[in-house]
Amino acid sequence: MDYFLRKRGKLYCESIYLGELADKYGTPLYVYSLKTLVRHFKVASRAFGKIRHSIFYSVKANSNLTLLGVIAELGGGCDIVSLGEYLTARKAGVKRIIFSGVGKKRQEIEMVLKNGLDFFGVESENELNVIEEVAIRLNKPAPISLRINPDIDPGTHKYIATGLKKEKFGIPIGQAVDIYKEISNRKYLKAVGISMHLGSQIESVSPFVEGLLKLKQIFCKLSEQNIFLKHIDLGGGWAVPFAKGQHLPEPADYVREMVPYLKGLEAEVIVEPGRSLIGNAGVLVTKITYLKKGYRKIYAIVDAGMNDFIRSALYGKEHRIEPTILKKGKTLNVDVVGPVCESSDTFAKNVELTPIKEGDLLCLFTAGAYGFSMSSNYNSRLKTAEVLVAGDNDFLIRERETYKDLWRKQKLIKTRDIL
Ligand code: LLP
């Protein structure tokens, strides 16, 4: 459910025609719908009913300050994986923080512990030792939650499956109880929770239920041994529909199906959704630079590239693409490609589009998550602008980069003398 709708063939974000935003801010352009983001958050939260819970939005999906500010306003916390994400979330006013990630550096651990967090999602015993050392030095006990690898197949793309035995993520489930017991003897480590994260774009609820049952088992075993945890963290990974009419659980459905297994649990339930909150709240608007006839096909060469949106090149994921204005007439079969010098800079192959010409706008859907946040300056291209729409208001929430930005951190050293 989102608020990108057509009126008389023209594609609107809430009450604003996307073409109007492209004229005002240029292309390529990320456009987000505030109403969609808020709705996704609220329906997920409401689905918990009376169950004590918190939503920690996963910042990696989209770390725009304004969007994080919206999450904060809604009462959400943030799941972060770097000091950069921590500082960004704090700057946006986010109060509650979980620090996840397999490779937290000592300096990051120190800064985050010093400035406060809900807990570290701990990935190994060695990491636990580093956290303890830092906690002792700061004389500040560290709240921790072990991220368990429950060895569950989430049935998703292999690059984004994380809860299987063969992955680098999480602590083997058989070691969990012993590590918690060990922690209970350490003054500067406070076990407050147990966590998992199975992967991303998990299209059915059953892996979550399976994982939850495994975590609950450990939770109960620990209670029997007088180790009481306050949180049970089920991670993120809820899927979003990429195509019209694709029926997948909505954020609220994931919650609803887990609720029966959460009842009676004396812990706050935590979830860390990213994509399901912001994915369908954002689109990428791009302009056709050329229509090019190749040997066998026609290419719509657009002004967005894999540097702006890498999901298609990296995971082979074709997102829905449509013209911002649907015209009547013979459809055209095209490959939508970017200008970057790589064959993988292809957004979609053999797309049947209503009549288009050079200069027309295309909209790539479900671009709110892992879109801008994975963008780069490859080919010395400027990072795009981002706009937030709220009803009939639009706000520039990130300026387009300028050429000067490309060189801002570089030094031009004249090597003539040392050659
Ligand atoms: N929590 C943890 C510990 C995570 O590692 C992730 C995502 C999330 C929560 C949020 O997952 P979500 O609800 O967004 O699925 N770049 C890939 C996705 C990578 C996800 C990494 N971890 C993509 O574009 O599909």
Side-chain angles (χ1 to χ4, degrees), residues 37 40-41 44 54-63 67 71 76-82 85-86 89 97-104 118-123 127 145-150 154-164 167-171 193-205 207-208 211 215 231-242 248-251 253-255 270-282 284 306 308-319 347 364-376:
L37 173 60
H40 287 164
F41 187 98
S54 281
I55 295 179
F56 283 70
Y57 165 75
S58 193
V59 173
K60 61 177 84 61
N62 190 319
S63 54
L67 300 179
I71 297 292
C78 277
D79 160 57
I80 60 112
V81 288
S82 68
E85 286 190 350
Y86 178 80
I97 299 277
I98 296 171
F99 190 0
S100 308
V102 281
K104 305 175 191 76
D118 280 57
F119 57 80
F120 292 96
V122 174
E123 290 266 0
E127 180 191 330
S145 174
L146 297 188
R147 171 170 174 185
I148 306 300
N149 179 328
T156 185
H157 191 288
K158 63 176 192 283
Y159 286 7
I160 49 178
T162 51
L164 279 165
E167 310 297 347
K168 67 178 173 182
F169 300 98
I171 292 173
I194 183 161
S195 306
M196 70 173 191
H197 171 71
L198 302 176
S200 199
Q201 187 63 17
I202 302 172
E203 299 188 349
S204 82
V205 187
F208 290 96
L215 291 199
H231 315 281
I232 189 156
D233 171 4
L234 305 173
W238 304 341
V240 293
F242 282 93
L248 286 178
E250 279 226 22
D253 299 322
Y254 285 91
V255 176
I270 286 174
V271 286
E272 303 170 354
R275 190 196 315 269
S276 54
L277 299 186
I278 191 71
N280 277 326
L284 177 60
M306 64 192 282
D308 303 305
F309 186 81
I310 203 175
R311 296 201 74 254
S312 316
L314 189 58
Y315 312 112
K317 180 72 205 172
E318 294 193 354
H319 286 232
F347 294 112
L364 184 145
F365 290 86
T366 320
Y370 307 108
F372 189 94
S373 64
M374 293 180 84
S375 67
S376 74

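Just follow the structure's listing: the first ligand is 1, and inside any ligand the first atom is 1.
Looking at residues two or more places apart in sequence or on another chain, you find a ring pair (Phe, Tyr, Trp, His ring centres under 6.0 Å) between Phe309 and His319. By the salt bridge (Lys or Arg N to Asp or Glu O under 4.0 Å) test, Glu250 pairs with Arg39, sequence neighbours left out.
Close approach of ligand 1 to Gly274 (heavy-atom distance below 4.0 Å) involves ligand atoms 12 (P), 13 (O), 14 (O). Close contacts of ligand 1 with Ser58, meaning ligand atoms under 4.0 Å from a residue heavy atom, involve 6 (C), 8 (C), 9 (C), 10 (C). Distances below 4.0 Å separate heavy atoms of Arg311 from the following atoms of ligand 1: 23 (C), 24 (O), 25 (O). Ligand 1 places these atoms under 4.0 Å from at least one heavy atom of Arg275: 12 (P), 13 (O), 14 (O), 18 (C), 23 (C), 25 (O).
With ring centers used as reference points, Tyr254 lies under 6.0 Å from Phe208. In this structure, the ring of His197 has its center no less than 6.0 angstrom from the ring center of Phe169.
At distances below 3.5 Å, not a single donor-acceptor pair connects side-chain atoms of Glu272 with backbone N or O atoms of Ser58.
For Lys317 and Phe242, the positive end sits near the middle of the six-membered ring, less than 6.0 Å away and at most 45° from its axis. Judged by a 6.0 Å distance limit and a 45° cone about the ring axis, Lys104 is not positioned over the six-membered ring of Phe120.
Looking at Tyr315 next to ligand 1, an N or O pair under 3.5 Å apart turns up. Between Gly237 and ligand 1, at least one N/O pair is under 3.5 Å apart. Distances between N or O atoms of Pro273 and those of ligand 1 include no value under 3.5 Å. The distance criterion of under 3.5 Å between nitrogen or oxygen atoms is not met by Ser276 with respect to ligand 1.
In this structure, Met374 has a heavy atom closer than 4.0 Å to ligand 1. Heavy atoms of Ala369 come nearer than 4.0 angstrom to ligand 1 in no pair at all.
At a heavy-atom cutoff of 4.0 Å, ligand 1 is contacted by both the backbone and the side chain of Glu272. Contacts of Ala61 with ligand 1, taken as heavy-atom pairs under 4.0 Å, are absent altogether.
The pair Asp79-Lys60 counts as a salt bridge, with a side-chain nitrogen and a carboxylate oxygen less than 4.0 angstrom apart.
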